[in-house]
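Beneath this line is the structure, given in structure tokens, with notes to follow.
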Amino acid sequence: MEDQTSTQMIMNQRKGRRLVLFPLPLQGHINPMLQLANILHSHGFSITIIHTNFNSPNPSNHPHFTFHFISENLSETELRTSSDNLLALVALLNTRCVEAFHDCLDKLMNHQEEQPVACLISDAILPFTQAVADKLKLPRIVLRTGGASSFVVFAAFPLLRERGYLPIQDSKLEEPVVELPPLKVKDLPVIDNCDPQTLDQVVDGMVNGAKVSSGLIWNTFEGLEQSSLDTLGQKISIPIFPIGPFHKIFSTSSSSSSSLLKQDQSCISWLDKQAPKSVIYVSFGSIAAINENHFLEIAFGLANSNQPFLWVVRPGLTVGSDWLELLPSGFIQKLSGRGHIVKWVPQQEVLAHSSVGAFWTHNGWNSTLESICEGVPMICMPCFTDQRVNARYVSDVWRVGLQLENGNLERGEIEKLIRRLMVEKEGEEIRERILCLKEKASLCLKEGGSSYESINSLVSHILSLDSFTFHSH
Ligand code: UDP
């Protein structure tokens with residue numbers, strides 16, 4: 001009885017509180033931020049999203065949220081050139097958005113007809129928002145859309161620089177990072193050919209901004225990253241909330257609605273015609289690019305494997321090519337329907353399909369988590385930053401996938417790896433292990449589970465910040 005009264009009191013208290021969310025405008029960051037928005041909305045908060053005009057999701061897909069768009073202050077040329085240079089884009093967003101973001105947030109906080117703003121929740125990669133929130137005396141909570149294990153590595157950058165691991169030297173790629181087992185130097189989360197100073201600036205900004213925030217939300221769960229979360233708990237004195245996997249708290253349709261590209265539904269009817277667990281689903285996410293030679297080795301590796309495959313070739317995936325024109329003529333016809341190539345798919349639906357037996361992925365954190373949640377073993381081909389750490393955890397810590405090690409992107413090697421995963425005993429063991437993780441992912445969201453409890457703690461935490469704001473005004 002007492003419990004019921006206190007729950008009711010909390011519900012009442014919650015009503016009429018608004019949260020302002022600000023995602024990094026990239027697909028892998030927008031998806032989890034909007035999923036988080038749905039979670040918090042279901043707990044009684046009103047939601048306002050501030051978004052850049054650049055890469056904006058369609059507000060009509062989210063009628064229960066209020067959207068405010070700000071200019072990112074980047075010229076067409078700057079946007080075009082920086083889309084090939086992720087770090088440059090992030091660095092520019094952190095300097096050019098300051099004023100527009102400040103003005104928008106200030107207006108929202110002083111809007112008399114709107115519900116009072118309890119706090120700002122912004123992406124960890126937008127640390128400039130901390131200074132703006134401080135100036136406006138609004139608490140900021142951080143959403144880190146990547147995993148906790150890669151964050152441990154980002155937080156160790158000063159040590160890695162001091163001990164000479166960073167910047168990476170090509171001669172040391174295969175050496176272990178003894179301070180961060182089981183990582184090797186080649187797994188460190190950098191971007192090849194990028195200016196090390198810009199990388200340090202972005203990484204240090206993210207870590208230091210998170211440390212001084214009012215809390216850190218993770219799209220992960222304890223059963224997956226317990227030891228990394230413990231390490232962070234010791235290093236960071238703010239409260240942390242591992243409340244993932246977000247997309248499993250809401251149905252697939254809610255996350256599809258934040259897709260920036262049109263999802264090709266033809267793949268689902270194609271999957272319906274394939275044998276159970278026979279298909280290799282191949283996608284390298286929304287940003288990664290590969291060269292012409294790698295594109296062809298992947299195509300022939302898949303064709304020669306004799307397994308059915310569904311391949312997402314995003315326009316822009318291959319540098320200097322529009323879409324499939326690099327494939328030799330007759331390539332698709334020779335497959336006689338065994339391969340299906342599209343530009344973009346409803347990925348969560350694909351991974352949940354009973355015909356999918358493996359996911360060849362770049363190991364972006366969302367893709368990694370989505371694969372784990374459906375119990376789909378992975379072929380790991382990380383390209384840059386945290387993808388490298390995620391891939392090493394998939395292959396060596398959770399042991400739920402096999403890694404195409406650097407330099408092995410050759411059709412014969414690809415064919416062998418696909419066999420190991422799809423046909424041999426090793427693959428069966430991997431499948432059993434990932435099914436255990438899938439079970440853990442599902443349990444943590446049930447009443448009493450770690451993420452379920454963590455969401456309740458987050459809600460209470462936001463309400464405690466809220467009262468602080470109201471008293472201090
Ligand atoms: N995704 C999708 N359709 C596709 C490929 C990817 O909807 O054809 C989604 C996927 O479900 C995930 C996101 O795009 O939520 C990609 O995020 P991730 O962190 O895996 O990689 P990134 O794109 O940030 O490199």
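Atoms within a ligand are numbered from 1 in the order they appear, just like the ligands themselves.
For W365, every heavy-atom contact with ligand 1 shorter than 4.0 Å involves the backbone, none the side chain. Counting heavy atoms under 4.0 Å from ligand 1, residue E370 touches it through the side chain alone. By the criterion of a heavy-atom distance under 4.0 Å, the side chain of N31, and not its backbone, is placed next to ligand 1. For N366, heavy-atom contacts with ligand 1 shorter than 4.0 Å involve the backbone as well as the side chain.
To the nearest 0.5 Å, atoms CG (N390) and CE (M378) are separated by 9.5 Å.
A distance of 6.0 Å or more separates the ring centres of Y281 and W311.
Looking at E405 and K186, a side-chain N of the basic residue comes within less than 4.0 Å of a carboxylate O on the acidic one, giving a salt bridge.
Proximity to G285 (heavy-atom distance under 4.0 Å) selects the following atoms of ligand 1: 23 (O). Residue contact check: Q27 has heavy atoms under 4.0 Å from atoms 14 (O) of ligand 1. Close approach to G364 involves these atoms of ligand 1, each under 4.0 Å from a residue heavy atom: 18 (P), 19 (O), 20 (O), 21 (O). Listed by number with element, the atoms of ligand 1 under 4.0 Å from a non-hydrogen atom of G28 are 17 (O), 24 (O). Using a 4.0 Å cut-off to heavy atoms of V312, the atoms of ligand 1 that qualify are 8 (O). Listed by atom number, the atoms of ligand 1 under 4.0 Å from V345 heavy atoms are 2 (C), 3 (N), 4 (C), 7 (O), 8 (O).
Residue contacts with ligand 1: Q348 is placed with no nitrogen or oxygen under 3.5 Å of a nitrogen or oxygen of the ligand (distance criterion only). Annotation: F284 places no N or O atom under 3.5 Å from an N or O atom of ligand 1; distance criterion only.
When only non-hydrogen protein atoms are considered, atom 23 (O) of ligand 1 lies nearest to S286 OG, 2.5 Å.
Compare S259, S371, G146, S367 by their heavy atoms: the one nearest to atom 16 (C) of ligand 1 is in S367.
Within the 4.0 Å heavy-atom cutoff, Q263 counts among the residues contacting ligand 1. By the 4.0 Å heavy-atom criterion, H362 is counted among the residues contacting ligand 1. Contact between S283 and ligand 1 is present, with at least one heavy atom of the residue lying under 4.0 Å from the ligand.
Each of T145, I217, D123 was compared with P32 under the side chain to side chain contact (heavy atoms under 4.5 Å, CB included) criterion, and only T145 meets it.
For T77, the side-chain contact (heavy atoms from CB on, under 4.5 Å) criterion is met by S75, R80, not counting sequence neighbours. Looking at residues two or more places apart in sequence or on another chain, you find no side-chain contact (heavy atoms from CB on, under 4.5 Å) involving T95.
Listed for the E325 side chain is a donor-acceptor partner under 3.5 Å among the backbone atoms of W323.
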Derivation and outcome, side chain to side chain contact (heavy atoms under 4.5 Å, CB included), residues R431 and K277: CA-CA 11 Å; R431 196 172 303 277; K277 307 236 172 304; 3.6 Å; yes
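Taking the six-membered ring where tryptophan is involved, the planes of H62 and H64 are tilted, since the angle between them lies from 30° to 60°.
Between L40 and I121 there is a side-chain heavy-atom pair separated by less than 4.5 Å.
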